[in-house]
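First comes the structure, then the notes that go with it.
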4 protein chains.
Amino acid sequence: MDKRELILEATLELITENGFHATPMSMISKKAKVAAGTIYHHFENKEVLLEALYAESKKKMGRAMQLATVNGENYETDFKSIWISLFIFYADNSNTFQFLEQYAQSPFIRKETKEEQRKHYQPIIDFLGEGIRKGNLKSMDVEILTEMVHGTVASAAKIFHQNKGLSKNAIDQLAQFAWQAAKA
Amino acid sequence: MDKRELILEATLELITENGFHATPMSMISKKAKVAAGTIYHHFENKEVLLEALYAESKKKMGRAMQLATVNGENYETDFKSIWISLFIFYADNSNTFQFLEQYAQSPFIRKETKEEQRKHYQPIIDFLGEGIRKGNLKSMDVEILTEMVHGTVASAAKIFHQNKGLSKNAIDQLAQFAWQAAKA
Amino acid sequence: MDKRELILEATLELITENGFHATPMSMISKKAKVAAGTIYHHFENKEVLLEALYAESKKKMGRAMQLATVNGENYETDFKSIWISLFIFYADNSNTFQFLEQYAQSPFIRKETKEEQRKHYQPIIDFLGEGIRKGNLKSMDVEILTEMVHGTVASAAKIFHQNKGLSKNAIDQLAQFAWQAAKA
Amino acid sequence: MDKRELILEATLELITENGFHATPMSMISKKAKVAAGTIYHHFENKEVLLEALYAESKKKMGRAMQLATVNGENYETDFKSIWISLFIFYADNSNTFQFLEQYAQSPFIRKETKEEQRKHYQPIIDFLGEGIRKGNLKSMDVEILTEMVHGTVASAAKIFHQNKGLSKNAIDQLAQFAWQAAKA
DNA sequence: AATGAATGAGGGTTCATTCAT
DNA sequence: AATGAATGAACCCTCATTCAT
C-alpha cells in the first residue's frame with residue numbers, strides 16, 4: 001500500500017483520538033509502520049500533513065454528497081436525499097467527521113486551504129440557493145441557510161456516534177426536522 | 001482582582017486562540033501577570049486548570065439561560081425566549097462559546113466532570129421534555145431533541161461570529177428556523 | 001559560580017575542540033553541569049550563545065592589549081610591547097585564540113556583532129595610524145597594515161601552540177620580524 | 001564532465017559558504033546534479049570526501065607555486081616571485097583559500113592526510129632553508145619562518161578578498177612587507 | 001501565598017547512509 | 001555506475017513542573 005496513504009490514515013485515526021499536539025510524529029510513524037523520516041518525504045512538516053488530511057477529507061465528503069439521488073422532480077425529496085447522503089457519510093466515517101468538525105475552524109488550517117476546499121461544498125450551496133429562489137426554502141442568505149442545514153446534519157451525526165447507532169426511523173425523523181426548519 | 005480569576009481569564013483567552021497544547025503555562029502566567037509557580041498554588045496541574053475553566057464556563061451558560069423570560073403562557077414564545085437567551089450568551093461570550101464547543105467532546109475533559117456540569121443544562125432538558133409530553137414538540141427522544149435544538153443555537157452563534165454580527169431580524173428568523181424544526 | 005559563566009566556558013572549550021556543529025547543546029550542558037533547558041534561560045538559542053562567546057572573547061582580548069606598557073617615548077618599543085601583549089594573551093588563552101581565529105570570518109557571527117566588538121580593537125588601530133602619520137611605519141592603508149600586523153601575531157601564536165611553547169628569545173625575534181615588516 | 005570532479009567542486013563551494021556540518025550530502029548531490037547514492041560510489045563517506053578535497057586543494061596550491069619564475073640569480077627577487085605566485089593563487093581561488101585556511105587545523109583532517117600533503121609545500125621550505133643558510137634570511141628555525149612567511153601571504157589574501165581586490169602597487173608593497181620581515 | 005530559575009523528558013525535524021531497482 | 005526512497009539516530013529546542021527563597 002502507498003506509504004503516503006498509510007501515513008494519512010494513521011494521522012486521521014490518532015489525531016481524532018488525541019488531538020493535533022498530543023499526537024507526536026513518532027506515534028504516527030509507528031502506527032503507519034514507517035520510519036519517522038519517511039513522513040517528511042511525503043509532507044514538508046506536521047502542519048502540511050494536517051492540511052493534506054483536511055483536503056483529502058473534504059474531497060471525500062464532496063464525493064459522498066454526489067451519490068445522492070437528485071432527480072429534480074420533488075424538491076423536498078431531493079433535499080432529504082442529500083441530507084441523508086451527508087449524514088450517512090458522517091455516520092460511516094466517524095473519524096473524518098470528527099476531524100472536519102474539529103479542524104474546520106482551527107487555526108491549523110490556513111484560510112487559503114479552506115477556501116480551496118470549499119469547492120467540494122459548492123453543489124449543495126447551489127442546490128439550496130435554487131430552493132430559495134424557487135420559493136421552496138425560507139428566504140434567507142444562502143450561506144447562513146447552508147450553515148444551519150449543515151449544522152443539523154452535524155448534530156445528527158454527533159448523536160449517531162454518541163448513541164453508537166440510530167434507527168432508520170430516527171434518521172428520517174431528523175431529516176424531517178431539518179426539512180421543516182428550512183422549508184418556506 | 002483575584003489571581004485565580006486572572007489565571008482562568010488568561011487561560012480562556014489563550015486557549016481559544018491557540019488550543020490547549022499550543023498554550024504553555026508560561027504564556028498563561030505572563031498574560032495573567034503572575035509567576036509560573038503561582039498557577040500551581042491554585043490548580044494542581046494544567047488539566048485541572050482546564051477542567052476548572054470548563055466548569056466555570058458551563059455555570060455561566062446555565063445562568064444565562066435562566067435569564068430567559070419564561071411565563072408558561074405560550075410554549076412557542078417561551079421556546080424562542082430560551083433559544084435567544086442562549087444565543088445571546090454565545091454571541092456575547094465568543095471565547096467561552098468556542099471553548100465549550102471545542103472541549104465539550106475533547107478527551108481533555110474527564111467524563112465525570114462533564115456529567116457533573118450537566119446539571120446546568122437540566123432546566124432546558126426539562127422544558128423540552130414537557131413540550132414533547134404536551135404535544136408542542138415532535139415526539140422524539142428528549143436527549144436527541146435537546147442536542148438538535150442546541151445544535152441550531154450553536155450554528156447560529158458560529159454564523160454570528162463569522163459574520164461579526166447579525167441583525168435582530170436575522171436572529172428572529174433563526175429562532176423561527178429552530179422552532180419550526182422542533183415543533184410537532 | 002555563575003551558571004552563565006559555566007556555560008560559556010564549557011562552550012569555548014568544546015567548540016574549539018569539535019567545531020560549532022559538532023558540539024551538541026547536550027554536550028555543553030553536560031560539561032557545564034547544567035540541565036539542557038538551563039542554557040536556554042541564559043541564551044536564546046545556540047547562535048546567540050556563540051555570539052555571546054564571541055563578544056566575551058573580544059572583550060578579553062581588548063583588555064589584554066591595554067596591559068601593554070606604552071609610554072610614547074619610543075615608538076618601536078611601544079609597538080613591540082603591544083605586539084607581545086597580544087601574543088601573550090593568545091599564547092595563554094589557546095582556546096580563545098582558536099575560537100576567534102575560527103569564527104572571526106564565519107557566517108555564524110552576524111555582521112552587526114562583529115562591528116560592535118570592533119571597538120575593543122580600536123586602540124591598536126589608532127596606535128598604528130599614528131605611527132603611519134609620524135613616519136614610523138610604512139605609508140599604507142591603516143586597515144591593511146593592522147590586518148597584516150595582527151596576522152604576524154596570529155601566526156606566532158599558532159606556532160606557539162603547535163610547538164607547545166616558545167623561548168623568550170624566539171618571541172622577541174618574532175616581534176622583531178613584525179617590526180621590521182611594518183617600520184617605514 | 002567527470003562526476004567525481006563535479007562532486008568535489010560542489011563540495012568546495014558549499015563547504016566554504018556554509019561549513020562542513022551545515023552542508024548536507026543532499027545539498028551537495030543537488031548542486032552537483034547527481035543522486036545522493038552516487039556520492040558514495042566515489043567517496044566512502046563524508047569525511048573521506050572532505051579529505052579528498054583537502055588533498056586536491058593542496059596539490060593545486062603546490063602547482064601554483066611552481067609557476068613562480070625562480071632563476072637563482074637574486075634571492076630577494078625569487079622570494080618575492082614565490083610570495084606573489086602563492087598570493088595570486090589564493091586571490092584567484094578564494095574558495096580553495098578559505099577551505100585550506102579553515103580546515104588546515106580542523107579535526108576533520110586526519111594527521112596522516114596532513115603529513116602526506118605536506119610534500120606539496122616542501123619546495124618552499126627548501127627555498128627558505130637555503131636563504132637562511134646563505135645568510136639572506138633571518139637565522140631562525142625554518143619551520144617557524146615558513147609559517148610566518150606563509151602567514152603574511154594568508155593575511156594579504158584575506159585582505160584581498162575582504163576588499164574585493166587590491167592594486168598591483170599594494171600587492172608589491174605587501175610582498176615588500178614580507179621580505180623586510182624575513183630578510184636577515 | 002508568591003516567585004521564577006532550574007530541570008530534563010519529550011517534541012519536531014534533519015541528514016548520513018543504505019539498498020532495491 | 002547511478003538512482004532516490006527509506007531509514008532511524010541524533011539534533012535543537014520547548015515546556016510542565018518543582019523548589020529554594
Side-chain angles (χ1 to χ4, degrees), chain A residues 2-4 6-7 20-30 32-50, chain B residues 2-4 6-7 20-30 32-50, chain C residues 2-4 6-7 20-30 32-50, chain D residues 2-4 6-7 20-30 32-50:
Chain A
D2 184 25
K3 302 223 171 196
R4 190 190 131 97
L6 286 169
I7 292 164
F20 180 64
H21 280 110
T23 304
M25 294 298 258
S26 61
M27 200 186 273
I28 295 174
S29 78
K30 199 180 275 178
K33 282 176 184 162
V34 147
T38 303
I39 301 180
Y40 290 87
H41 275 283
H42 294 277
F43 306 96
E44 207 179 319
N45 56 42
K46 204 179 174 185
E47 274 191 39
V48 165
L49 168 57
L50 198 84
Chain B
D2 185 23
K3 300 222 171 196
R4 190 190 130 94
L6 286 168
I7 292 164
F20 179 64
H21 280 108
T23 303
M25 293 297 258
S26 62
M27 199 185 275
I28 294 173
S29 80
K30 198 184 262 177
K33 283 175 183 163
V34 146
T38 303
I39 301 180
Y40 288 87
H41 280 286
H42 294 278
F43 306 95
E44 203 180 321
N45 57 41
K46 203 180 176 185
E47 273 192 38
V48 166
L49 168 57
L50 197 84
Chain C
D2 185 26
K3 302 224 171 198
R4 189 190 131 96
L6 286 168
I7 293 164
F20 180 65
H21 281 109
T23 303
M25 293 300 257
S26 61
M27 200 186 275
I28 295 174
S29 79
K30 200 180 274 177
K33 283 176 182 160
V34 145
T38 303
I39 302 181
Y40 290 88
H41 276 282
H42 294 277
F43 306 96
E44 207 179 318
N45 56 42
K46 205 181 174 184
E47 273 190 40
V48 166
L49 168 57
L50 197 83
Chain D
D2 186 25
K3 301 223 172 195
R4 191 190 128 95
L6 286 169
I7 292 165
F20 179 64
H21 280 107
T23 304
M25 294 296 259
S26 62
M27 199 185 274
I28 295 174
S29 79
K30 199 186 260 178
K33 282 173 184 163
V34 146
T38 303
I39 301 180
Y40 289 85
H41 279 285
H42 294 278
F43 306 95
E44 202 179 323
N45 57 40
K46 203 180 175 184
E47 272 190 40
V48 166
L49 167 58
L50 197 83

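By convention in this document, chain letters (A, B, ...) are assigned in the order of the sequence lines, proteins followed by strands, and residues within each chain are numbered from 1. Here the structure is a predicted model, which is why all the values come from computation and not from measurement.
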In whole angstrom, what separates C/His21's NE2 from E/dT14's C1'? 11 Å

Just how far is it from atom CD1 of A/Ile7 to atom NE2 of A/His41, taken to the nearest 0.5 Å? 10.0 Å

Which heavy atom in A/Ala22 sits nearest to a heavy atom in B/His21, and how many Å separate them? CB-CE1, 3.5 Å

Using heavy atoms to find the nearest nucleotide of DNA chain E for A/Phe20 and D/Ala22 separately, return the residue whose nucleotide is more 5′. A/Phe20

Rounded to the Å, how far apart are A/Lys30 NZ and E/dG10 P? 12 Å

Candidates E/dT18, E/dA2, F/dT7 - which lies nearest the side chain of A/His41: F/dT7

A/Tyr40 side chain, from C-beta outward: closest of E/dG12, F/dG4, F/dT7: E/dG12

For C/Leu6 and E/dA5, give me the distance from atom CG to atom C1', rounded to whole Å. 15 Å

Quick one: A/Met25 CE to F/dG8 P, roughly how many Å, whole number? 16 Å

Across all strands shown, which nucleotide pairs with F/dA1 by Watson-Crick or G-U wobble geometry, both distances under 3.5 Å? none

Name the residue closer to the 5' end of DNA chain F, choosing between A/Ile39 and C/Glu47 according to the nucleotide with the nearest heavy atom. A/Ile39

OP1 or OP2 of F/dT7 sitting under 4.0 Å from any side-chain N/O of A/Thr38? yes

Between CZ of C/Arg4 and P of E/dA5 the distance, given in whole Å, is 14 Å

Point-to-point distance, once rounded to the nearest 0.5 Å, from CD of D/Glu47 to CG of D/Leu50: 8.0 Å

Consider the side chain of C/Ala36, meaning its heavy atoms from C-beta on, and name the nucleotide among F/dT7, E/dA9, F/dA16 that approaches it most closely. E/dA9

Check the phosphate of E/dT7 against C/Lys3, side-chain N and O only, distance under 4.0 Å to OP1 or OP2. Yes or no? yes

Starting at atom CD of D/Glu44, determine the distance to atom C1' of E/dA16, rounded to an integer number of angstrom. 13 Å

Integer-rounded Å distance: F/dA16 P and B/Leu49 CG: 11 Å

Taking any heavy-atom pair under 4.0 Å as a contact, classify C/His42: base, sugar-phosphate, or nothing. sugar-phosphate

Whole angstrom value for the distance that separates P of E/dA1 from CZ of B/Phe43: 12 Å

On DNA chain F, nearest-nucleotide positions of B/Asn45 versus A/Ala35: which is more 5'? A/Ala35

At what distance, to the nearest 0.5 angstrom, does OG1 of C/Thr38 lie from CZ of C/Arg4? 14.5 Å

Going by purine N1 to pyrimidine N3 plus the second Watson-Crick contact, or the G-U wobble pair, all under 3.5 Å, which nucleotide sits opposite E/dT13? F/dA10

Just how far is it from atom CG of C/Leu6 to atom CD1 of C/Ile39, taken to the nearest 0.5 Å? 11.0 Å

Looking only at side-chain atoms of A/Lys46, point me to the closest of F/dT17, E/dG12, F/dC12. E/dG12

